[in-house]
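In what follows, a structure is listed as structure tokens, so that the remarks can point back to it.
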Amino acid sequence: MTADSNPPIPACASADGVWRRLRVPAGLGAVAPGGSSWVVEGGRIVWIGADAELPAAYAGRPEFDGAGRWATPGLVDCHTHLVYGGSRVQEFALRLAGADYEQIARAGGGIVATVAATRAADEQSLYAQAAPRLRALLAEGVCALEIKSGYGLELATERRQLRVARRLGADFGVAVRCTFLGAHALPPEYAGRADAYIDAVCASMLPALAAEGLVDAVDAFCERIAFTPAQVERVFIAAARLGLPVKLHAEQRSDQGGAALAARHRALSCDHLEYLGADGIAAMRAAGTVAVLLPGAYYALRDARPPPVQALRDAGVALALATDHNPGSAPVLSLLLMMNMACTLFGLSVDEALAGVTRHAARALGLQHSQGFIDAGRPANFVVWDIDAPAELAYWIGGRPRCTIVRQGRIAGAAP
Ligand code: DI6
Ligand code: FE
């Protein structure tokens, strides 16, 4: 995808008025079974109820007639690495020729290759490269997303990534949660000195970026090719000192006990989880930590071991889905496709997949009070779809249903 010199999507028109005759899938809104209406005022939903019960006080407002269409909350992509320099298209060819992700990483490719390209890119270039990726996600109804740092691995570049993430949120009128992922990989200048790098993450990078208001949460990569649980725990302690919530890339390629560690630190989410064991599940359940499943990375890496969905379900752990958009393991630009893959590859039901890209994804970002559910008192973030049934959102592969998106109280545009 080429860099974008176009301006952000304009927020076309106010959504203020009465949205009538809409149906919402079970569990995604405070709605009536037969058909619902809601009233948007000043960009927020101020009333919601059955069509027939619309208070007379709202008569005369602009009307948007859904004519029985399905509506969902705005989608939430709760795990992306959207801001980075370059691509890793050559690794795709290497993988097709038989190399695996860890071999590529150990040979100096992988995350560290993107670190070099990101360090070389200025803020304007990072913004221009990320904008079309964001535009693709937004066109499917995404109203909130996470953007992680982690391709700088030194202060100035991590700052640049997070500043671009903040600017994208403001310019595109979308809720962006900025997550500091300094403990993503070991930068080459610290080769053989992982603990010294973690010192720098905890003592200087994180406090500086948090003081600049650039950090909403703190993440780390706990894996054989990344950081040990003991190193991750030091990062979590530094986050707690600053009052920041944590999350973890855990158990993607081996069971390191990362999920249990993260749950002990009351993590918002643990993500990937293909190798998650019973202890991790129990700890996540006890802490209310969301399990974020990333079927795009699973697919792209041709993994053979799906996450333990049935055990997570049995334990009552909330399941969220995300693109994990990144240039290496998940060049994914469609959250709807992740619904399809989660159903097809991981055995989720359509209802679970829908909750996974709305309600539970919002919780994975700590945004459960403003995103992922249609209710009075919340900012107006919802999508009205031209579909026959909610299952259509998980059905198409490589296309998307037409829709009208209301994002932060503005009608953001209809898909062509
Ligand atoms: N897990 C991921 O899915 C990404 N980072 C991580 O820790 C992959 C990042 C990359 O390959 O560039
Ligand atoms: Fe990731």
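Just so you know, ligand 1 is whichever comes first in the structure, and atom 1 is the first atom listed for that ligand. Values below: every heavy atom of this structure, side chains too, minus hydrogens, waters and symmetry copies.
- Relative to the ring axis of Phe373, Arg378 does not place its NZ or CZ within 45° and under 6.0 Å from the centre.
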For this session: Step by step, work out the side-chain hydrogen bond (donor to acceptor under 3.5 Å, both in side chains) result for Gln231 and Arg234.
Result: CA-CA 5 Å; Gln231 288 161 344; Arg234 291 173 57 208; over 6 Å; no
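- Tyr101 OH, 2.5 Å is the protein heavy atom nearest to atom 11 (O) of ligand 1.
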For this session: Step by step, work out the side-chain contact (heavy atoms from CB on, under 4.5 Å) result for Val40 and Phe382.
Result: CA-CA 11 Å; Val40 177; Phe382 57 88; 4.1 Å; yes
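- Looking at Arg88 against ligand 1, only its side chain comes within 4.0 Å, counting heavy atoms.
- When only non-hydrogen protein atoms are considered, atom 1 (N) of ligand 1 lies nearest to His249 CD2, 3.0 Å.
- Take the Fe ion (ligand 2) and draw a sphere of radius 2.8 Å; the protein N/O/S atoms inside it number 4.
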For this session: In sequence, state the C-alpha distance, the side-chain angles, and the governing distance for Ser349 and Asp351, and then conclude on side-chain hydrogen bond (donor to acceptor under 3.5 Å, both in side chains).
Result: CA-CA 5 Å; Ser349 68; Asp351 286 350; 5.4 Å; no
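- When hydrogens are left out, the protein atom nearest atom 5 (N) of ligand 1 is His184 NE2, 2.6 Å; that is the closest non-hydrogen contact.
- Under a 4.0 Å N-O distance rule, the pair Asp324/Lys148 does not qualify as a salt bridge.
- Within ligand 1, the atoms closer than 4.0 Å to a non-hydrogen atom of Gln252 are 1 (N), numbered from 1 in the order shown.
- Residue contact check for ligand 1: His272 places a non-hydrogen atom closer than 4.0 Å to it.
- Going from atom OG of Ser269 over to atom CD of Glu146 covers 7.0 Å, rounded to the nearest 0.5 Å.
- Summary of contacts: the protein heavy atom closest to atom 3 (O) of ligand 1 is Asp324 OD2, 2.6 Å.
- Of the inter-residue distances, the one linking Asp271 atom CG with Cys78 atom SG reads 6.5 Å to the nearest 0.5 angstrom.
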For this session: Dump the intermediate steps for side-chain hydrogen bond (donor to acceptor under 3.5 Å, both in side chains) on Glu352 and His360, then the final yes or no.
Result: CA-CA 9 Å; Glu352 286 174 323; His360 295 161; over 6 Å; no
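- Between His79 and Lys247, the closest side-chain pair of non-hydrogen atoms is not below 4.5 Å.
- Between Tyr84 and His325, the distance from one ring center to the other falls under 6.0 angstrom.
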Problem set entry | Candidate pair Gln161 and Thr157, rule side-chain hydrogen bond (donor to acceptor under 3.5 Å, both in side chains), full reasoning | CA-CA 6 Å; Gln161 280 191 277; Thr157 310; over 6 Å; no
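- The closest approach between a heavy atom of Ser329 and any atom of ligand 1 is below 4.0 Å.
- Residue contact annotation: Thr114 has no non-hydrogen atom under 4.0 Å from ligand 1.
- Checking only distances, His79 never comes within under 3.5 Å of ligand 1, N or O to N or O.
- Looking only at heavy atoms of the protein, atom 9 (C) of ligand 1 is closest to Tyr151 OH, 3.2 Å.
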